[in-house]
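The chains referred to below are lettered A, B, ... by the order of the sequence lines, with proteins before strands, and numbering in each begins at 1.
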Amino acid sequence: MKALMSVGALVGVIGLLLLIGMVMGVIPSNTVRLVEGYMPMQMLFELALFVAGFAGLSYLLGSMGMGIPRFWQGILFWAFILLYLKYRVYPPIPFSVRAMYGTVSLIAVFMWMSSNEEDWKKFKQPILNVLDAQSGFNKVLRYVYLVLLPIIIGGFSYMSMKPTSEEPIELRTVHPAPPASTKVHGKSYVLQTAQNPYRVNTEGKYDQEYTNSLIVEQSMGRLMKPNANPWDPKAEGYLKYVREGGEIFFQNCHFCHGDNLNGRGLHAFAFNPIPANFTDPGTIAQLQETFIFWRVAKGGIGLPNEGFPWASVMPPWEQHLTTDEIWKVILFEYWHTGYYPRTWD
Amino acid sequence: MGSVTRKKIMSIMALGAMIGLLLLPILVSAPVLAGGGEAPTGAPPPDAAQAGGGEAEKKVEKGRDVYYKTEGIVVGAPAPKTTDSPKDYPRYNFESRVLLWFANQQHLYYGSFVLAVPIFCMIIEFMGVVSKDRAMGKKYDQLAYDFIKISLTAYSLTAILGGILIFTFLTLYPAFFGYLSSIFRPVMHIYALMFVAESGTLYIYYYGWDKMKEGFLKWIHLSMSVILNVIGTVLMFLANSWIGFMMSPAGVDEQGRYLGNIWHVIHTALWNPLNVHRILGNMAFGGGVVAAYAAYRFLSAKTDEERAHYDWMGYIAMAIGVAFLIPLPFAGYWLMREVYAYRQQMGITLMGGLLAWLFIIQATMIGILFLSSNYYLWQALGRMRGAEKYQKYIKYLVFILVCGFLIFITPHTMVMTPAELKAMGGQQHPVLGNYGVMSAKNGGINVIITTTVLSFIWYMRGNKVSTVSWAKFGNIFMGTFFFWAYVNIIWLAIYGYYIPANVRIGLSVPQVATTLSCLFFMTALNAVMMKGAKQTGPIEWGKISARSQYALIMLATAFTWMMGLMGYIRSSVRLFWHVNEIMRDNSPWAYTHTIGFAANMISFNVLFFWISILFVFWLGTLGVKKAPVEAKAPVPGRAPEPAIGH
């Protein structure tokens with residue numbers, strides 16, 4: 001048990017030192033890199049390691065008679081979480097989300113500290129000591145709090161009431177709600193049932209399974225599948241249309257959506273918000289092809305009020321592209337990102 | 001002896017009368033249902049049609065069902081095209097929609113409560129009847145009686161609020177209400193008759209309690225509770241058909257003209273998921289309210305005896321509530337899936353668009369519910385000697401729970417300043433973007449539920465040590481089962497990103513199956529292992545921290561708040577339609593409120609409900625007579641067994 005806890009403690013100390021180093025700027029923040037694509041699990045795994053590490057550390061210190069009081073354990077752990085979220089995760093997490101995470105962590109610390117009577121007593125003790133103030137030190141502390149608390153509360157009130165020149169926060173809908181059907185170039189498309197006419201097999205028949213099987217492997221290098229190369233001049237059916245879609249994409253879309261379809265094109269940062277990142281699992285991977293068709297055709301300008309609040313300056317591409325071209329571009333976008341469009345089973 | 005026989009006959013007659021009452025509306029409406037509606041008002045009788053020849057036949061107008069796509073003879077008038085005028089939207093100098101919102105919500109709260117509590121009573125009364133321990137059986141019986149007593153006052157309030165609701169509809173939205181009642185005309189009277197049946201049954205059930213407390217008569221009494229609940233459920237199903245029709249109309253053509261098939265109107269795309277979701281929701285809510293009542297009485301108790309009683313009552317109510325809370329998210333997923341299947345626009349408005357942030361708040365509330373339940377169970381370990389061995393591991397459970405919770409509440413549409421947006425380099429975040437979508441959230445909630453199951457099992461074995469010969473093997477098996485359950489749930493959540501969306505949605509099935517396997521198999525295995533187990537100490541009812549009772553109050557408040565929130569979301573997803581895509585709302589309030597306004601309104605409704613239900617509880621205490629001697633038996637040293645799973 002002790003050996004196990006020692007290993008835990010070691011991990012905890014190393015992790016803590018690394019984090020402190022990163023916060024202080026002594027250790028470069030990419031010393032232990034957050035690997036793109038694995039970040040969500042990596043973050044959870046790191047936190048789990050820290051918890052195990054702290055448990056080990058607390059156990060060892062306790063067995064050496066230098067145990068950290070419960071009260072400080074709780075406070076320090078919460079502070080750790082806040083610092084971790086602020087300094088470890090890159091790109092930075094917006095404050096609104098950090099505030100949610102911080103509140104939940106605070107509740108978690110409370111649940112942990114008060115889960116049994118003994119711990120709860122230990123946790124409360126320093127607070128009660130100050131409130132009772134039997135010793136001189138506690139009396140001083142009590143007076144300090146007496147003065148400080150109103151100042152802090154007043155300070156918060158002042159800061160929140162004070163007019164600022166900061167930009168207001170904004171809430172933007174990621175996916176505006178689509179209508180039941182849309183009319184493009186005089187033809188109506190029912191969004192729930194329409195299909196991309198270019199998802200065809202080599203015989204030219206609509207074949208979702210076939211095209212799905214030829215989507216590039218979705219993994220970290222986004223490798224092309226053998227025998228599924230759209231740039232091959234002999235490519236037929238679906239692959240041929242992917243190539244044609246690619247050509248249209250690079251003639252029209254990549255200036256904003258980027259060569260890698262990650263929303264970081266040449267002109268991307270002239271816009272706020274920047275264009276959609278198709279490689280993110282939260283964008284086209286969540287949607288039907290017909291939704292993308294509607295979005296591309298109508299652009300940001302042609303969206304209905306029901307979709308509010310949205311913000312997009314994408315032009316209505318139906319004014320520049322034919323229906324077929326729009327379908328082909330969409331085919332290319334799914335092929336390139338390695339995602340499958342949502343379908344109804 | 002003779003009087004017993006008479007009682008028997010009378011009780012059987014009463015039961016027969018109830019069944020008759022239950023069937024009466026069906027018999028009354030049989031011709032309507034069988035005929036698929038009344039004869040079309042505008043159409044001439046068949047012989048007249050024959051006499052009139054082809055010209056009369058042409059007058060029989062046919063329409064196409066908007067949902068079922070079947071053809072039917074047009075019977076009703078088209079949905080009125082309203083204008084913003086006092087004729088269609090009369091008003092006080094106040095927002096009519098808010099008044100209706102309030103009346104509807106309060107009626108719904110009380111309605112849910114009075115539908116849930118009789119189901120509780122049925123379960124608890126049944127537990128009392130089958131309990132081998134007679135003292136225990138009496139306790140259960142008394143508890144069920146206490147519950148029904150509370151629901152009696154609440155029942156009158158429900159009816160009063162229902163009346164207020166109808167008046168509000170009639171005075172503020174006459175055109176819309178007129179249209180809705182014209183569509184549901186064939187079943188409106190069934191609804192009214194059901195109400196009569198419900199009242200009659202409830203009163204006989206309540207007042208017959210003492211007269212039918214032994215043997216055969218008790219079973220008759222128990223059967224009455226079954227009938228009471230069947231009536232209540234049918235009532236709710238009918239009410240659900242109205243909201244189902246408003247969201248996903250069927251049985252009418254594009255102009256909203258009734259096509260003569262009432263079953264189509266009732267059985268809309270969302271009716272069944274709504275029914276299931278509401279039954280479970282009502283039960284969880286009812287459990288929460290009763291648990292809060294018990295917590296309040298516990299905290300204000302003067303004697304140990306009282307504390308012990310209300311601790312026990314709170315535990316049972318909480319256990320029943322949580323038992324129904326666990327399947328609730330799955331029913332919710334089903335409902336959402338049907339919403340998406342019915343109209344993608346509604347689905348996206350709900351979960352990805354305008355109302356998406358309300359779902360984040362909902363996720364937060366669900367998380368609070370599970371956190372509170374877990375916290376209560378951990379606190380409850382404190383009233384068992386020998387449970388200390390589990391307490392030191394609680395922090396790991398907290399960690400797992402909270403990780404699931406954090407993922408569950410991560411927003412996809414984030415609130416941020418343009419500066420933060422720039423710093424993040426776009427709307428998408430490499431961590432939050434992944435947490436913000438369904439695949440991760442499914443994993444999150446299943447982890448939370450599985451952990452709750454684990455807490456429950458710990459609680460159940462708190463003061464026991466298994467004596468079966470295979471105890472060690474059993475424990476290892478259980479540990480391994482839970483470990484692989486977590487691995488499977490998390491793995492499927494990650495794998496979900498690498499497959500087509502429709503397959504990903506299908507993954508929720510094995511995830512749910514894993515969670516439910518933990519619930520059913522492990523609870524059963526635990527029960528087998530703990531059969532005849534050595535007790536390390538009794539459950540000392542009443543010896544639980546005050547914190548636990550606040551957790552119960554938190555649980556109840558969260559239930560109430562969430563019901564208000566979800567009702568608002570469900571209703572506002574229609575945006576500017578009274579009846580989706582059929583009847584447009586042309587009042588000045590046909591816009592969606594801001595999140596802040598909605599949150600304030602929901603909070604006001606919650607506050608009002610709790611203040612009024614406190615009044616109901618207070619009324620409940622007014623009529624309390626001194627407890628009979630038998631019920632005054634000291635709280636047994638070998639305290640009552642917890643209800644669930646034992």
Side-chain angles (χ1 to χ4, degrees), chain A residues 36 39-41 43-44 47-48 51 89 91-97 100-101 104-105 107-108 111-112 114-117 166-180 191-192 212 218 263 272-274 277 280-283 285-286 288 306-309 340-345, chain B residues 341 343-345 348-349 352-354 356-357 367 371 375 378-379 381-382 388 391 394-396 398-399 402-403 405-406 409-437 440 494 497-502 506 545 547 575:
Chain A
E36 197 198 336
M39 273 169 87
M41 283 319 288
M43 203 175 110
L44 289 179
L47 282 174
V51 168
V89 187
I93 300 177
F95 177 75
S96 62
V97 181
M100 285 164 67
Y101 284 179
V104 172
S105 313
I107 294 169
M111 285 169 67
W112 160 37
S114 65
S115 61
N116 64 59
E117 222 38 59
E166 259 177 50
E167 299 156 288
I169 54 161
E170 56 181 63
L171 184 63
R172 173 181 167 260
T173 299
V174 174
H175 308 306
L191 295 192
Q192 212 138 347
N212 272 358
Q218 200 219 6
N272 184 9
I274 65 166
N277 168 8
D280 186 278
T283 58
Q286 298 290 319
Q288 268 182 289
E306 293 93 303
F308 191 81
Y340 311 89
R342 166 164 290 190
T343 49
W344 305 106
D345 44 4
Chain B
R343 201 65 88 236
Q344 187 181 208
Q345 184 177 38
I348 291 185
T349 303
L354 191 61
W357 248 91
L371 249 52
Y375 187 71
W378 302 333
Q379 293 298 307
L381 288 174
E388 296 80 9
Q391 288 181 332
I394 286 175
K395 55 178 171 285
Y396 302 112
V398 174
F399 179 73
V402 167
C403 284
F405 187 23
L406 289 180
I409 62 168
T410 302
H412 187 43
T413 301
M414 275 171 282
V415 175
M416 50 187 164
T417 63
E420 282 177 325
L421 185 75
K422 203 159 263 179
M424 213 170 82
Q427 273 282 336
Q428 312 299 331
H429 190 281
V431 176
L432 306 182
N434 285 274
Y435 288 166
V437 291
I494 299 169
Y497 289 99
Y498 297 92
I499 48 173
N502 55 341
S545 67
R547 296 191 300 287
L575 302 174

Requested in this report: Count the heavy-atom pairs under 4.5 Å between each of B/Ala356, B/Pro430, B/Gly382, B/Gly433 and chain A, then report the option with the highest count.
Outcome: B/Pro430

Query raised in the report: By a 4.5 Å heavy-atom criterion (distance strictly below it), what part of B/Leu371 contacts chain A: side chain, backbone, both, or neither?
Result: both

Report summary line: Honestly, the part of B/Ile409 sitting under 4.5 Å from a heavy atom of chain A is both

Requested in this report: Check each atom of B/Arg547 against the heavy atoms of chain A and say whether the ones under 4.5 Å are side chain, backbone, both or neither.
Outcome: side chain

Query - Side chain / backbone / both / neither for B/Leu406 at chain A, heavy atoms under 4.5 Å - result: both

Report summary line: Among A/Ser105, A/Pro92, A/Pro273, the residue with the most heavy-atom pairs under 4.5 Å to chain B is A/Pro92

Query raised in the report: In terms of heavy-atom pairs under 4.5 Å with chain A, which of B/Ala423, B/Pro418, B/Ser545, B/Gly436 leads?
Result: B/Pro418

Requested in this report: Give, as side chain, backbone, both or neither, the part of A/Asp280 having an atom under 4.5 angstrom from any heavy atom of chain B.
Outcome: side chain

Query raised in the report: When only pairs under 4.5 Å are counted, which of B/Phe399, B/Phe405, B/Trp378 shares the most heavy-atom pairs with chain A?
Result: B/Phe399

Requested in this report: Would you mind checking which part of A/Leu47 comes under 4.5 Å of any heavy atom in chain B, side chain (CB onward), backbone (N, CA, C, O), both or neither?
Outcome: both

Query raised in the report: Is there a donor-acceptor contact under 3.5 Å from the side chain of A/Thr283 to the main chain of A/Asn277?
Result: yes

Query raised in the report: chain B: which of A/Pro178, A/Ala108, A/Gly282 shares the most heavy-atom pairs with it under 4.5 Å?
Result: A/Pro178

Report summary line: For A/Gln288 and A/Leu191 the tightest heavy-atom approach is NE2-O, 3.4 Å

**Report entry** Partner chain B: residue of A/Val51, A/Ile274, A/Asn116 with the largest heavy-atom pair count (under 4.5 Å)
**Finding:** A/Asn116

Report task. Work out which heavy atom in B/Met416 is nearest to a heavy atom in A/Pro94; give both atom names and the distance. Result -> SD-CG, 3.6 Å

Report summary line: When the 4.5 angstrom heavy-atom criterion is applied to A/Met111 and chain B, the contacting part is both

**Report entry** Heavy-atom pair of closest approach, residues B/His412 and A/His175
**Finding:** NE2-NE2, 3.8 Å

Query raised in the report: Tell me, do B/Tyr435 and A/Leu44 make a side-chain contact under 4.5 Å, heavy atoms counted?
Result: yes

Query - Residue among A/Pro179, A/Pro91, A/Gly263 with most heavy-atom pairs under 4.5 Å to chain B - result: A/Pro91

Query raised in the report: Pick from A/Pro40, A/Pro341, A/Ser96, A/Ala180: which one has the most heavy-atom pairs with chain B under 4.5 Å?
Result: A/Pro40

Query raised in the report: Does any heavy atom of chain A fall under 4.5 Å from the side chain of B/Val398, the backbone, both, or neither of them?
Result: side chain

Query raised in the report: Backbone N or O of A/Phe95 within a donor-acceptor pair of the B/Glu420 side chain at under 3.5 Å?
Result: yes

Query raised in the report: At a heavy-atom separation under 4.5 Å, does B/Ala419 approach chain A through its side chain, its backbone, both, or neither?
Result: both

Report summary line: So CG of B/Leu432 and CE of A/Met39: to nearest 0.5 Å the spacing works out to 9.0 Å

Report summary line: dist A/Trp112:CH2 -> B/Tyr396:OH (nearest 0.5 Å) comes out at 9.5 Å

Report task. Would you name the heavy atoms of B/Ile348 and A/Pro176 that are closest together and state the gap between them? Result -> CG2-O, 3.9 Å

Query raised in the report: Between B/His429, B/Lys422, B/Met424, B/Gln379, which shows the greatest number of heavy-atom pairs under 4.5 Å with chain A?
Result: B/His429

Query raised in the report: Should B/Tyr497 and B/Val437 count as side-chain neighbours, where that means a heavy-atom distance under 4.5 Å?
Result: yes

Query raised in the report: Does the side chain of B/Val402 reach to within under 4.5 Å of the side chain of A/Val104, using non-hydrogen atoms?
Result: yes

